[in-house]
K.L.:
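Have a look at this one.
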Amino acid sequence: MRKNIVAGNWKMNTTVPEGVALAKEVSEALKATKANCDVVICVPFTHLVPVAGAIDAAVLGLGAENCADHKSGAYTGEVSAPMVASTGAKYVILGHSERRQYYGETSETLREKVALALENGLTPIFCIGEVLEERENGTFNEVVAKQVEEGLFNLSAEDFGKIVLAYEPVWAIGTGKTATAEQAQDMHAHIRAVIAGKYGQEVANNTSILYGGSCKASNAPELFAKPDVDGGLIGGASLKCADFMGIVNAF
Ligand code: PEP
């Protein structure tokens, strides 16, 4: 059966010493209280090695926030999936809306990134979600289905089974505007049906689909209580240990 997961996305926040301190604090808090879900932090590339050395991998998973769409070579400034994997990281966020929006990531690039992540043993946390205009004009179900189909449906059923999805309505990210638990549930059920249509019900039932977008300790219990919401991808509220643990403890 699918796992419940709470994953932090630190984005471009914290210096290395600050990040190591935060990671240690989260790791210690998780050792003190047994979480009822898997917990992951996705951190800037510069932080991966020191954070890997500072946390207990038995209680806290580590991930990157992106990886390159090439294995190696003349791509100045890029960081490859093999490099990420060599730090001890086990996850990588791919297709976050900020990457799609500000760095022009397309489904084509994302297919390359997903393939390289999987080849290197990394679990992609693959983000999808509509913008406000698409929510308001009622095209959100088609938009999100297309992102899943274009980004992932080239995979074999076995490889698809290694993907974690994160539904993040763009209008809810960092805005303080959370999707209602009903809106999240409806979309997660829709995504699961789209997956079932391609790979069958068993694969769909086994896929973890996280919700992201202004999730915090106060709204996490209602969101996580929904049958198709399998946890959260957490931005702002992952930057303070108490806030993040409040969400983890919603399970
Ligand atoms: C995110 O960017 O993945 C996110 C969910 O951000 P926030 O929680 O800050 O809305």
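Start at 1 and go down the list; that is how both ligands and their atoms are numbered.
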K.L.:
Looking at atom 2 (O) of ligand 1, what's its closest protein heavy atom, distance included?
P.N.:
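The protein heavy atom lying closest is K11 NZ, 2.5 Å.
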K.L.:
Just jot down the ligand 1 atoms closer than 4.0 angstrom to any heavy atom of G174, in number order.
P.N.:
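With G174 as reference, the close atoms of ligand 1 come out as 7 (P), 9 (O), 10 (O).
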K.L.:
Of the backbone atoms (N, CA, C, O) and the side-chain heavy atoms from C-beta on, which set of N9 has a member under 4.0 Å from an atom of ligand 1: side chain, backbone, both, or neither?
P.N.:
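N9 to ligand 1: side-chain contact only, backbone stays beyond 4.0 Å.
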K.L.:
Report yes or no: does a heavy atom of K216 sit under 4.0 Å from some atom of ligand 1?
P.N.:
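It does not; every heavy atom stays at 4.0 Å or beyond.
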K.L.:
I163 and side-chain contact (heavy atoms from CB on, under 4.5 Å): which single residue from T123, T207, L155 fits?
P.N.:
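Answer after filtering T123, T207, L155: L155.
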K.L.:
For ligand 1, is there an N or O atom under 3.5 Å from any N or O atom of G235?
P.N.:
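Checking ligand 1 against G235, an N or O pair does fall under 3.5 Å apart.
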K.L.:
Minimum heavy-atom separation for A117 and L94, please, with both atom names.
P.N.:
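Closest approach of A117 to L94: CB-CD1, 4.2 Å.
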K.L.:
Under 6.0 Å between ring centres: does that hold for Y199 and F153?
P.N.:
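For Y199 and F153, the ring centres are under 6.0 Å apart.
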K.L.:
Looking at ligand 1, is there an atom of it that comes within less than 4.0 Å of some heavy atom belonging to S214?
P.N.:
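In this structure, S214 qualifies as a contact of ligand 1 - some heavy atom is under 4.0 Å.
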K.L.:
Looking at D56 and K24, is there a salt bridge between them, counting it only when a charged N and a carboxylate O are closer than 4.0 Å?
P.N.:
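No, K24 and D56 are not salt-bridged.
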K.L.:
Which heavy-atom pair separates A68 from L116 by the least distance, and what is that distance?
P.N.:
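Shortest heavy-atom separation between A68 and L116 comes out as O-CD1, 3.9 Å.
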K.L.:
Looking at ligand 1, does any of its N/O atoms fall within less than 3.5 Å of an N/O of G213?
P.N.:
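There is no such contact.
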K.L.:
Show the atoms of ligand 1 that are less than 4.0 angstrom away from any heavy atom in G212.
P.N.:
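Counting from 1, the qualifying ligand atoms are 5 (C).
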K.L.:
Could you check whether E182 pairs with K226 (Lys NZ or Arg NE/NH1/NH2 to Asp/Glu carboxylate O, under 4.0 Å)?
P.N.:
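K226 and E182: salt-bridged.
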K.L.:
Go through ligand 1 atom by atom and flag the ones less than 4.0 Å from a non-hydrogen atom of L233.
P.N.:
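Listed by number with element, the hits are 3 (O), 5 (C).
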K.L.:
What about G236: any of its N or O atoms under 3.5 Å from an N or O on ligand 1?
P.N.:
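Such a contact does occur with ligand 1.
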K.L.:
Given salt bridge (Lys or Arg N to Asp or Glu O under 4.0 Å), test R99 with E65 step by step and report yes or no.
P.N.:
CA-CA 10 Å; R99 305 262 353 143; E65 300 173 13; over 6 Å; no
K.L.:
Give a yes or no on whether the backbone of K3 and the side-chain of S208 come within a donor-acceptor separation of less than 3.5 Å.
P.N.:
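Yes; judged by distance alone, with no hydrogens or angles, the pair exists.
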K.L.:
Which of the listed options, K177, E168, E65, holds the heavy atom that is closest to atom 3 (O) of ligand 1?
P.N.:
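Answer by nearest heavy atom: E168.
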K.L.:
Between H190 (side chain only) and N141 (backbone N and O only), is there a donor and an acceptor less than 3.5 Å apart?
P.N.:
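It does hold such a pair.
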K.L.:
If you measure every N or O of T175 against every N or O of ligand 1, does any of those distances drop under 3.5 Å?
P.N.:
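Checking ligand 1 against T175, no N or O pair falls under 3.5 Å apart.
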K.L.:
Of the backbone atoms (N, CA, C, O) and the side-chain heavy atoms from C-beta on, which set of A172 has a member under 4.0 Å from an atom of ligand 1: side chain, backbone, both, or neither?
P.N.:
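The part of A172 near ligand 1 is the backbone, not the side chain.
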K.L.:
Taking only heavy atoms of H96 into account, list the atoms of ligand 1 that are under 4.0 Å away from them.
P.N.:
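Matching atoms, with element in brackets: 1 (C), 2 (O), 3 (O).
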